[in-house]
Amino acid sequence: MGHVDVTLPDGGTQQLGAGLSLSDLVRQIDADLDGRVVAARLDGEGVDLSTVPPAGAKVELVLMDSREGLSILRHSTAHLMAAAVQELYPEAKFAIGPPVEDGFYYDIDLPRPVSVEDLPVIEERMRVLQAQRLPYVRVEMPVDEALGLMKARGQTYKVEILETIRRHGTSRPDAVEELGGEAEAGGVVSFYQTHSFLDLCRGPHVPDTSFLRTFKLTHIAGAYWRGNERNPMLTRLYGTAFPTQEALERHLYRLEEAKRRDHRRVGRELDLFSIEEEIGPGLVLWHPKGALIREIIETFWRREHRRRGYQLVYTPHVARAHLWDVSGHLSWYQENMFSGMEIEGQEYLVKPMNCPFHILIYRSHTRSYRDLPFRLGELGTVYRYERSGVLHGLLRVRGFTQDDAHIFCRPEQLESEVADALELALAMLRAFGFPEHHLVLSVSDPNQMAKYAGSEEEWRRAESALERVLEKSGIAFDRVKGEAAFYGPKIDVSLVDVLGRWWQCGTIQVDFNMPDRFDLGYIGEDGRSHRPLMVHRALLGSLERFFGILIEHHGGAFPLWLAPVQVAILPVAERHEPYAQHVAERLDAAGVRVQIDDRNEKVGYRIRQAEVTKVPYIVVVGDREVEAHLVSVRERGRHERGAMPLETLLDELREMVHPPGTGSAL
RNA sequence: GCCGGCGUAGCUCAGUGGUAGAGCAGCUGAUUCGUAAUCAGCAGGUCGGGAGUUCAACUCUCCCCGCCGGCUCCA
């Protein structure tokens with residue numbers, strides 16, 4: 001018997017007896033790895049462990065707890081779930097069942113509706129199957145044969161997928177370019193057999209069900225076939241799987257943590273905002289404490305913008321239909337606009353965006369090149385019709401205030417304007433406690449230049465200006481082709497919150513369309529009229545949404561400068577109230593937001609109240625403090641710091657109660 | 001919008017066809033208290049809205065409103 005030499009990722013080689021599989025290789029390398037390796041990569045291609053490697057192959061083992069291994073584990077679990085569903089519902093038709101961020105799902109066309117009560121039944125069936133140590137057997141066959149097989153089994157969705165594959169050589173024709181062509185039309189496809197469930201699937205999979213450790217079916221949702229609402233609605237069964245019980249428990253804990261921080265819950269508990277059915281969905285009431293935080297955010301925002309040469313404006317909430325016709329909103333945005341109202345025979349529409357108003361301010365005078373860059377900022381409230389199913393607390397609403405600005409500049413000023421806007425965006429986010437960001441550059445699709453406003457030359461210059469800004473920033477960014485709006489390329493800024501979630505907030509967009517539509521101009525050094533460039537930008541996005549994110553990030557325990565009540569003062573008994581009043585006045589004079597809690601309750605009760613409402617500082621004053629002119633300080637989160645002179649506390653608070661700086665101002 | 005679930009007091013939730021309940025919050029009183037809930041009493045609900053079935057509906061049916069989880073992260 002001969003043997004083959006395989007190369008391992010560490011550069012070493014292993015000899016493997018001819019005809020032996022990768023499973024044998026794993027056992028040969030280290031018996032401890034057996035069961036922890038779920039699949040392998042052969043020369044970069046994912047394969048099952050049952051594969052027999054050819055001589056000279058480069059082998060990488062995929063461990064269960066790696067990102068890739070976890071996906072395979074979940075994907076295999078999705079097949080197990082499908083096998084269980086097929087047993088319980090023989091007429092079920094299967095669509096797709098991929099692994100996702102937190103687990104996996106399978107979209108299934110079921111003969112009757114199922115609810116969460118059915119999940120334990122399916123899960124139980126899965127456990128029975130799992131215990132049988134069923135193998136995942138790979139079967140390859142020509143596309144035509146596969147089509148015949150799936151047609152015979154009535155698996156209409158699989159038939160559709162196979163027809164796409166036959167036509168395009170891949171299941172996703174739009175991705176052909178990225179994948180570099182993939183298989184030739186009329187090629188071979190693979191199936192995986194688990195118990196009686198045979199599924200069209202590229203793989204790889206774990207060798208058998210004993211590799212699956214701990215899984216849980218989580219919820220059910222509807223999902224359109226191929227995400228298109230003209231297609232039939234399928235039942236999507238969600239589940240998750242992990243290599244260990246502890247990992248599953250960590251995941252469940254994280255979900256609970258997210259629930260604890262949910263801004264809808266915290267917003268109610270801390271009395272920050274509400275959304276009332278009588279007013280309408282997606283329309284927000286800012287209660288006094290929430291409004292106070294918003295006011296602090298807005299004041300900070302205005303200060304930072306003035307420092308950087310923005311001029312702040314106010315504009316109306318409605319405008320004549322004609323304006324929206326000129327701006328083009330009526331033709332490409334009308335379905336998102338609140339319907340119009342008629343006044344004196346004229347139709348008026350509620351604004352979904354602020355740009356036309358800012359443009360008219362620009363156009364209200366003849367502008368000279370000396371006026372540029374001309375930066376207009378506004379906390380502008382807009383209304384947009386969002387479909388009822390997508391509304392979500394403060395994060396997706398119908399009425400919201402954008403921290404909007406429009407910059408009119410000369411082409412040669414574009415790069416520095418975008419750089420300044422990006423710098424401001426990042427500085428603002430850092431100030432609110434978000435040090436980590438993600439940047440995405442969206443550029444045109446060179447194959448579809450016809451659909452874009454502006455010339456190819458303008459696009460090329462703008463895109464390279466944005467790209468240079470990003471490169472100089474030193475922050476990693478993704479460049480996505482074809483994601484630009486028809487009117488110009490853009491940079492999107494996402495923040496990363498304490499739970500590691502990404503939230504897109506900021507956006508900086510070049511616009512080649514509006515200046516043309518409104519025929520904007522400026523007089524250049526040559527005395528002739530030129531078209532200015534226009535940049536739309538928002539940093540926080542919308543105040544409503546940003547507030548929601550901020551609540552969840554801090555779990556309601558806002559940093560000192562944002563806390564609606566910064567210091568709670570608790571007199572131990574009635575006779576200490578005059579002293580409490582004195583302390584409050586001193587703090588108030590230093591710009592600290594204080595509240596005396598002199599309710600007829602024990603100190604412990606009031607401390608609990610202050611802790612529960614996330615007040616950052618608690619000051620207790622009783623006989624000892626009155627006598628020695630001290631304050632007893634306690635910080636949010638159970639730190640009792642003992643008595644200190646009022647001056648000491650004042651010194652500590654004086655700086656921190658105010659908004660932070662944002663570094664380099666212009 | 002669509003699929004599934006939910007809607008009882010300000011909040012969290014019991015109540016499976018026969019006179020609407022609890023805890024917290026609120027109000028009143030007592031207590032004057034030292035670092036995460038003092039005690040007692042009172043008040044609070046067209047059971048999301050409307051129609052129907054029934055001797056009788058929070059409970060069963062239908063319509064509407066709202067909320068929650070989702071609606072292509074490559075077969």
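- More than 12 non-hydrogen atoms from other residues, nucleotides or ligands lie less than 6.0 angstrom from CH2 of A:Trp332.
- A cation-pi arrangement, defined by a distance under 6.0 Å to the six-membered ring centre and an angle within 45 degrees of its axis, is present between A:Arg260 and A:Tyr253.
- Within a heavy-atom distance below 4.0 Å of RNA chain B, the residues of residues 628-636 of chain A found are A:Ser632, A:Arg634.
- To the nearest angstrom, P of B:G69 lies 16 Å from CZ of A:Arg387.
- Close placement of the A:Tyr105 and A:Tyr238 rings is indicated, their centers lying within 6.0 Å of each other.
- Phosphate contact (OP1/OP2 of B:A37, side-chain N/O of A:Arg606, threshold under 4.0 Å): absent.
- In the set B:U38, B:U32, B:G34, the nucleotide with an atom closest to the side chain of A:Arg624 is B:G34.
- Candidate nucleotides B:A75, B:G70, B:U32 were compared by shortest atom distance to the side chain of A:Ala573, and B:U32 ranks first.
- The P atoms of B:C62 and B:U19 are separated by 26 Å, rounded to the nearest whole Å.
- Residues of residues 229-242 of chain A that place a heavy atom closer than 4.0 Å to RNA chain B, in numerical order, are A:Met233, A:Arg236, A:Tyr238.
- In summary, A:Lys481 and A:Asp445 do not engage in a salt bridge, as defined by a charged side-chain N under 4.0 Å from a carboxylate O.
- Checking the phosphate oxygens (OP1, OP2) of B:G69, a side-chain nitrogen or oxygen of A:Arg264 falls inside 4.0 Å.
- Minimum atom distance to the side chain of A:Pro281 is reached by B:G66, of the listed B:A75, B:G66, B:G26.
- For A:Leu198 against A:Gln193, the heavy-atom pair with the smallest separation is CD1-OE1, 3.4 Å.
- Look at CD on A:Glu269: it is 20 Å from P on B:A36, rounded to the nearest Å.
- Between the side chains of A:Tyr136 and A:Arg138, not a single donor N or O lies within less than 3.5 Å of an accepting N or O.
- As a whole-Å value, the separation of A:Ile569 CD1 from B:G34 C1' is 16 Å.
- Checking B:C2, B:G26, B:C74 against every side-chain atom of A:Pro98, the shortest atom distance belongs to B:C74.
- When the P atom is compared between B:G48 and B:C13, the two are found 15 Å apart, to the nearest whole Å.
- Atom CG in A:Asp118 sits about 10 Å away from atom P in B:G5, given to the nearest Å.
- Taking 4.0 angstrom as the limit, A:Tyr105 places a side-chain polar atom (N or O) nearer than this to OP1 or OP2 of B:C73.
- Listed nucleotides: B:G26, B:C71, B:A75. Nearest to the side chain of A:Tyr605: B:G26.
- Ranking B:U35, B:U12, B:G69 by closeness to the A:His392 side chain, first place goes to B:G69.
- Below 30°, between 30° and 60°, or above 60°: for A:His75 and A:His79 the angle between ring planes is above 60°, a perpendicular geometry.
- Spacing of C1' atoms, B:A22 relative to B:G44, comes out at 14 Å, to the nearest Å.
- For A:Glu386, the salt bridge (Lys or Arg N to Asp or Glu O under 4.0 Å) partners at least two apart in sequence or on another chain are A:Arg396.
- Heavy atoms of A:Glu625 sit under 4.0 angstrom from at least one base atom.
- The side chain to side chain contact (heavy atoms under 4.5 Å, CB included) search around A:Arg608 returns A:Val612, not counting sequence neighbours.
- RNA chain B contains the following stems of three or more consecutive Watson-Crick or G-U pairs, with both distances under 3.5 Å: B:1-7 with B:65-71, B:10-13 with B:21-24, B:26-30 with B:38-42, B:48-52 with B:60-64.
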**Asked** How does protein contact run along nucleotides 41-48 of chain B, one letter per nucleotide 5' to 3', with B for base contact, S for sugar-phosphate only, - for none, heavy atoms under 4.0 Å?
**Response** --------

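- We find that CD1 of A:Ile108 is positioned 15 Å from P of B:A75, with the value rounded to whole Å.
- Nearest nucleotide to the side chain of A:Val603, out of B:C73, B:G34, B:G26: B:G34.
- One finds a salt bridge joining A:Asp623 and A:Arg575 here, because a Lys/Arg side-chain nitrogen approaches an Asp/Glu carboxylate oxygen to under 4.0 Å.
- Distance CZ (A:Arg268) to P (B:C11): 7 Å, rounded to an integer number of Å.
- Taking only side-chain atoms of A:Arg608, from C-beta outward, the nucleotide of B:A36, B:G69, B:C73 with the closest atom is B:A36.
- Across B:A75, B:A36, B:G1, the shortest atom-to-atom separation from the side chain of A:Tyr224 is found for B:G1.
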